[in-house]
Amino acid sequence: IPVENFDLIIFGGTGDLARRKILPGLYRRFCAGQMPEKARIIGAARSEMDNDAYRDFVRVAVTEFGGKTASEANVLEEFLQRLHYVPIDARGDGGWADLAKLVRKDVVRAYYFSVGPGLFGDLAARLTKHGLADDTVRIVVEKPFGRDLASAKALNQALAEHFDESQVYRIDHYLGKETVQNLMAVRFGNMLFEPLWNSQYVDHIQITVAETVGVAGRGGYYDKSGAMRDMVQNHLMQLLCLIAMEPPSKFEPDAVRDEKLKVIRALDPVDHHHIVRGQYADGPDGHSYRDDAENLRSFTESFIAMRLNISNWRWAGTPFYLRTGKRLKARSSEITVVFKDAPHSIFGAEEGRHRNMLSIRLQPNEGMTLDVTIKEPGPGGMRLLDVPLDMSFADALGPDAEDVPDAYERLIMDVIRGNQTLFMRGDEVEAAWAWTDPVIAEWEARNDVPKPYEPGSAGPEDAMMLMHRDDRRWREIK
Ligand code: BG6
């Protein structure tokens, strides 16, 4: 279904995110027939170039990152005709009058700030000054949304001087992932799980976001952030919220975001004994984190594991274990809900522990597994065995599973539709930083040195111990 007619202006239109994600994503939506005939995309950046040069740039980007649709050359040429380019000076007045001439007032106008947060305030002010903004325009901003509570507040204020909260779309691309939204469908579309979704029945919950890539090429940014700021404060926090929140009354922006906010506010401060920070050491290719980050004395973590408690009626007593890291043994993101043991085993203690586990695989091989206990087939008496009820999206949905839009595609279309449900509200981001700040301050004060781990492993040994101490174990990363 096509969305309303729009002008989407991408500040940072020649940047890496535009090239890899935004423009190829828009192209795929174009191929899917979702872009109305008169919709336009306007790239704006510092480089001097004309429309044709920008179209050449986008042609290369789409061919490289557009996936299989990119091969249809005539469709691509048609798409490129929707593109325009305006050289702009974000900190001065150059180019703004040209942009003002181009942008239409009678269509949805969305300004995508695909630039560093240092420019958010400048762009907001210039949009207003040059008559490009009113209370109907939409502003899209990217992470990192600040690096602590104070800077996030300053960014929120800078935007609030010019725009209402209902106009601001803060992207966390994890919320655009199909399987992440599926978390809500699983929880609130089924009768089966919700009655058991609390500390009475759930022993613990694990969230793992493991990556195989290192930080080479983006060490300058990463070394000042680390896994806590880069992944936990935003992506893992969002996953935690969706898993732990109360059922919202409706699938609507504020209903969902109110519930997420309550989870973040109910998080206990984390004790430093419940955190393991790691940094990848030399691998077979001879590249350590410190080499990749080009900082041989770096104490920044490329891995973090932690145990969290949510102090509310639903979750008191059920720990949440989170871990994420670079250069681990596999790219695998998974959430596992481990249920408690049955209260009494009629089969005798020697049958050991059999636990139901619901595992939701976010990427890759998206799907769900529910481990159930059955009798081991055969004449050997009543032996118990855990087997998975397995559902993969690819099997269940067939070829449709391949047409699932990428996170950015979905989120950009949601901006045009004016639906903020999958975007973070300002108070949510601030609450996440308010929880993150003291944790980081504490390890900084102690000069905490991250534990080295081997690339291709599951992280430092201490992360295993974090679980073993509690008589629990991580799911294998595979
Ligand atoms: C980004 C982080 O937000 O998310 C990166 O800055 C990380 O460090 C990436 O690699 C992971 O995203 P995805 O979609 O590949 O899981």
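Each ligand, and each atom within it, is numbered from 1 in the order the structure gives. Everything numeric in this text was worked out from a predicted model, so none of it was measured. The figures here come from the full heavy-atom set of this structure, side chains too, leaving out hydrogens, waters and symmetry mates.
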Sorted by chain and residue number, the residues having a heavy atom closer than 4.0 Å to an atom of ligand 1 are K143, H173, Y174, K177, E211, R218, D230, M231, H235, K326, R331, Q363

Any sub-3.5 Å donor-acceptor pair from R147's side-chain atoms to S225's backbone N or O?
no

Taking the six-membered ring for Trp, are H84 and Y54 ring centroids under 6.0 Å apart?
no

Closest heavy-atom pair, A463 versus V276, reported as atoms and distance to 0.1 Å, is N-CG1, 3.9 Å

When Y169 is tested against each of F423, F113, F145 for ring-ring contact (aromatic ring centres under 6.0 Å, His included), which residue passes?
F423

Mind checking side-chain contact (heavy atoms from CB on, under 4.5 Å) for P405 and listing every partner two or more places apart, or none if nothing turns up?
R29, E409, R410

Euclidean distance, D282 CG relative to D291 CG, rounded to 0.5 Å:
6.0 Å

